[in-house]
Amino acid sequence: MKRRSRYGIPRARTAAWALLASVLLALPAAGISADLPQMIRFSGPGIAGSLRLAGDMVDLASLMEAFGLRSSMDLMGDRMDIVGEGGSCRLLMDSPLILSRGLFTVLSGPVRSMGGNLALPLDFLTKGLPTLTGRDARFDPGASSLALGEKGSASFKGSDPDDLVRYASFIRRDQYVPEEKLREEPKGLSVVVLDPGHGGRSIGAQGSTGTLEKDLVLSVSEKLKRELEEGLGVKVVLTRTADYYVGLKERTAIANNNRADLFISIHANATFRREIEGFETYYLNFRSSDKEAGRYAEMENRALGVKGGADEEALLEAILWDMAQTSFLAQSSELASMVQDRLVKNVRGSDRGVRQAPLAVLMGARMPAALVEIGFISNPEQEVRLNRESYQAQIARSLYEAIEDYHRGLLRGEIKRGTD
Amino acid sequence: MRKGVITAVILVVAALALLALGRQWFGGKAPGPPSPERPADHAAAGPQTRQVDLYFADVSGQRLSLERREVSGESREDLLLHVVEELIKGPLEPGRVRTLPETVQVRALFHRDGTVWVDLGSAVRDEHPGGSWTEVLAVYSVVNTLVENFGDIQQVQILIDGSRSETLAGHVDISGPLRSRIQLLAGDWE
């Protein structure tokens with residue numbers, strides 16, 4: 001079981017912070033100016049101008065204007081094709097991957113939406129721009145200048161690509177505040193999607209006296225919906241409102257289409273031993289055994305057999321699906337801890353902890369998401385309690401308080417909204 | 001009359017062939033002490049016996065827990081299939097709890113290039129008690145047991161009734177091949 005700090009930050013993140021700290025310490029030695037440039041000058045044969053920076057990233061709009069690029073976004077808003085004189089490339093939202101000529105290239109960070117505009121990591125200037133413009137590009141971070149040459153002259157010569165990656169990833173990210181955010185008050189929750197597990201032919205777990213998980217979780221979800229609407233004044237959407245079957249991907253899609261700020265899947269627990277009772281809360285792990293970084297490394301420069309074909313599309317789908325929840329893991333971990341804390345504090349039952357697990361219903365959710373197991377109906381005592389109105393009300397109240405905790409955390413700025 | 005003679009001849013030949021095979025399999029060599037996996041074992045046909053660590057649940061239902069058992073098979077894949085069947089039989093020693101319903105059938109098992117496909121009967125879905133972590137332990141009792149005991153297996157794809165399935169019983173993603181999660185012995189995902 002993962003030992004939880006206040007908000008259950010996973011151990012791996014401690015290591016990431018240590019790495020970040022060491023890189024930051026090394027920066028002055030690397031001669032990178034502490035003053036954040038606002039512009040990057042570019043020049044080359046027959047061309048000159050400047051690009052706007054969005055914090056430590058380059059603003060896509062200025063890039064398109066400067067080089068006469070055209071773009072099209074797909075309907076779902078999660079990928080964008082950019083076309084220039086030299087060629088085209090595809091960007092994936094919230095992903096560090098760019099795809100051009102059937103090859104994946106990994107940027108130093110994800111493509112992000114900042115204050116309504118898209119921003120790209122600086123290494124896009126040398127990794128993506130040459131394909132679009134048909135010109136090679138050499139970036140000098142110290143002088144904030146981009147030298148463009150004829151195709152064929154070597155990019156990166158005289159400039160260590162690792163420096164560029166470090167520059168793009170780490171300079172003063174913490175000091176960057178998008179203009180809009182300076183004016184804007186922190187926002188709390190406005191839409192919450194609750195997902196009563198199972199339904200219809202999927203009955204879920206079954207108690208020894210006949211309690212069905214699908215009925216129980218719907219009842220608790222309805223109670224929680226009322227509490228949230230009355231107490232927090234948020235819009236609440238249930239993924240099912242009666243006893244019918246809803247697919248797992250459909251549940252996530254309901255949350256995505258409603259632009260939910262939170263997604264909470266509510267389940268009742270069961271196991272082979274009747275003695276086991278208590279509460280458990282889950283959030284998603286990284287897919288499979290592979291760390292995201294490892295997967296990108298594998299994909300980098302991997303030639304795809306059929307350019308633009310079905311294989312490529314399928315791979316893109318898989319990547320987008322993976323990326324969705326991965327961007328919100330820190331928030332999801334906080335949410336899961338808040339839910340578990342409130343349950344074990346308010347309701348009779350053991351604390352079986354917060355864990356990461358490869359749960360299909362959480363994959364693809366583009367918002368912080370958790371799955372709570374509100375008690376074991378395979379335990380005869382807890383089954384009896386779960387059938388009582390008062391016990392269900394206590395559980396709904398605890399989940400309400402956890403969501404309120406999260407809401408307050410957002411308002412106080414203690415919880416970041418994630419990459420959206 | 002003539003048909004009868006032909007049938008009799010076929011039966012005798014078949015019986016002789018079976019006897020010969022049986023002698024080769026069971027009389028040929030005594031099973032030696034369990035030895036570490038060699039690459040050559042993969043290709044080896046014929047009977048095999050191995051000591052394997054089976055991954056069951058512990059009494060808390062939070063962790064996987066090992067039980068050592070000797071398993072035999074008439075071929076490599078047969079051995080692997082029997083290993084999964086031993087998991088379904090459940091633990092023999094106290095302190096461990098089954099991870100799969102006892103009514104589950106192993107319909108088929110294939111091993112190609114480091115990946116094992118295990119095709120389980122629908123009881124694995126229909127008779128599973130439910131619960132997210134109970135399902136995690138069910139899936140990874142199979143995956144860990146195969147990957148951790150056999151050096152040439154890297155990943156396991158679970159099929160239900162011959163098809164890929166989104167989950168085992170509604171929670172855990174089994175849509176692709178899975179690698180072992182050894183930290184489940186400590187109750188952690190990683």
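Lettering of chains follows the sequences in order, A, B, ..., and the numbering in each one begins at 1.
Under a cutoff of 6.0 Å and an axis angle of 45°, A:Arg355 and B:Trp133 form a cation-pi pair.
Counting heavy-atom pairs closer than 4.5 Å to chain A, the top-ranked of the candidates B:Gly170, B:Gly61, B:Gly131, B:Ala169 is B:Gly131.
For A:Leu371, the part lying near chain B is the side chain, with the backbone staying farther off; criterion is any non-hydrogen pair under 4.5 Å. Looking at B:Leu168, neither its backbone nor its side chain comes within 4.5 Å of chain A, counting heavy atoms on both sides. Proximity to chain B (any heavy atom under 4.5 Å) is restricted, for A:Tyr282, to the side chain, taken from C-beta onward. At a 4.5 Å heavy-atom cutoff, the contact between B:Val136 and chain A is made by side-chain atoms alone. For B:Ala138, no part lies near chain A; criterion is any non-hydrogen pair under 4.5 Å. Both the backbone and the side chain of B:Val59 have a heavy atom closer than 4.5 Å to some heavy atom of chain A. In this structure, chain B has heavy atoms under 4.5 Å from both the backbone and the side chain of A:Thr271.
Residues A:Ala270 and B:Pro129 share a closest heavy-atom pair of CB-O, 3.3 Å. For the pair B:Thr99 and A:Phe272, the tightest heavy-atom approach, listed with the atom from each and the gap, is O-CE1, 3.3 Å.
A donor-acceptor contact closer than 3.5 angstrom is absent between the side chains of B:Ser132 and A:Glu280.
Remark: B:Glu102 CD is loosely packed, at most 12 non-hydrogen atoms of other residues, nucleotides or ligands lying under 6.0 Å away. The number of heavy atoms from other shown groups lying within 6.0 Å of CD (B:Glu77) is above 12. Within 6.0 Å of atom OH in A:Tyr244, more than 12 heavy atoms from other residues, nucleotides or ligands are found, so the atom counts as buried in its surroundings.
Put simply, NE2 on B:His171 and CD on A:Glu373 are 5.5 Å apart, with the number rounded to the nearest 0.5 Å. Taking CZ of B:Arg125 as the reference point, atom OG of A:Ser202 lies at 10.5 Å (rounded to 0.5 Å).
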query = Which is it for B:Glu166 and A:Leu248 under the side-chain contact (heavy atoms from CB on, under 4.5 Å) test, yes or no, and what are the steps along the way?
reply = CA-CA 9 Å; B:Glu166 190 178 16; A:Leu248 296 179; 3.6 Å; yes
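With hydrogens and angles disregarded, no donor-acceptor distance shorter than 3.5 Å links the side chain of A:Arg273 to the backbone of B:Asp58.
For the pair A:Met363 and B:Asp173, the minimum side-chain heavy-atom distance is below 4.5 Å. In this structure, the side chains of B:Val172 and A:Leu359 come closer than 4.5 Å at one or more pairs of heavy atoms.
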